Amino acid sequence: MPRPRQLHRSFFDRSVHEVAPALIGATFLVDGVGGTVVEVEAYDHEDPAAHGYRGRTPRNAAMFGPPGRAYVYRSYGLHWCVNFVCGPEGDASAVLIRALAPTAGLEVMRKRRGLEDARLFCAGPGRLCEALAITRAHDGLALDRPPFWLGAPQTDVEIVTGPRIGISKAVDQPWRYGLKGSRFLSRPFGRARRTLSRTR
DNA sequence: CAGTGGATGCTCT
DNA sequence: GAGCATCCACTGT
């Protein structure tokens, strides 16, 4: 399998609603451990469900910074979640990375997660941060420099969409994107899904 | 399979 | 004091 070219940081310099589906099939590694992005969600600056909606705070400061960087926050007091910041600087939009198909560093992930089943290594935003050892220390770091490595998405992928998970506002926006047929999703896509195709 | 509740830290009201 | 962009263990079909 050929190693994909590395994504340029200008990849993130556009609307989060373009970037989110474009990330499906990309390769995401932290210190060489990770896999293929199979599930994401988009959060934009006019979105009541987004952390940046009510303005800048110490927690969400990375969302208001340059695109192409990580925004990492603690979820429910226990887990970490990682986003990729998008749009023009100050746009406060970001893509939540929700699931990976593990491809690199499987033994490391197995140990960190304390599980044997590879399907559960990265099937959820908290799980994938545990598997890749992402913490607050990564908040605000550029995605095109170590310890991160981002590879260009595969072409010819089929993408399913649906409502986002675990939110109580703007619940009807279909801004969750998944790789069709993947066994590594955090949850299946429901009946209301739509299918997009990306070819080149 | 579905549903429930606990763990836990931080932000904002 | 409420409310989380979650996960896991447990219960009952």
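On a predicted model such as this, the values are computed, not experimentally measured, just so you know. Each chain gets a letter, A, B and so on, in the order its sequence line appears, and its residues count up from 1. Computation of the quantities below employed the complete heavy-atom set of this structure, encompassing side-chain atoms and omitting hydrogens, waters and symmetry-equivalent molecules.
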**Message:** Test of understanding: with ring pair (Phe, Tyr, Trp, His ring centres under 6.0 Å), list the residues that count as partners of A:F84, not counting sequence neighbours.
**Reply:** A:F12, A:F28
**Prompt:** Can you name the residues that form a side chain to side chain contact (heavy atoms under 4.5 Å, CB included) with A:P88, not counting sequence neighbours?
**Reply:** A:D91
Sequence neighbours excluded and cut-off under 3.5 Å, please list the side-chain donor-acceptor pairs for residues 112-125 of chain A, or say none.
residue	atom	partner	partner atom	Å
A:R112	NH1	A:A131	O	2.8
A:R113	NE	A:L120	O	3.3
A:R113	NE	A:F121	O	3.1
A:R113	NH1	A:E130	OE1	2.7
A:R113	NH2	A:L120	O	2.9
A:D117	OD1	A:R119	N	3.0

Show me the donor-acceptor pairs, under 3.5 Å and distance only, between side chains in residues 66-83 of chain A and residues at least two apart or in other chains.
residue	atom	partner	partner atom	Å
A:Y71	OH	A:H51	ND1	2.8
A:N83	OD1	A:L96	N	3.4
A:N83	ND2	A:Y71	O	3.4

**Complete:** Output field dot_bracket for DNA chain B (Watson-Crick or G-U, both distances under 3.5 Å, | for other-strand pairs) contains |||||||.||||.
**Item:** side-chain hydrogen bond (donor to acceptor under 3.5 Å, both in side chains) partners for A:H138, two or more places apart
**Value:** none
**Message:** If hydrophobic residues (ILVMFWY) are linked whenever their side-chain heavy atoms come closer than 4.5 Å, directly or via other members, who joins A:W149 in its cluster?
**Reply:** A:L29
**Message:** Tell me which pairs pass salt bridge (charged side-chain N to carboxylate O under 4.0 Å, His left out) where either residue lies in residues 141-154 of chain A, with sequence neighbours left out.
**Reply:** A:R9-A:D144
**Request:** Would you mind building the protein contact string for nucleotides 1-8 of chain C? One character per nucleotide, 5' to 3', B for base within reach (heavy atoms under 4.0 Å), S for sugar-phosphate only, - for untouched.
**Result:** ---BBBSS
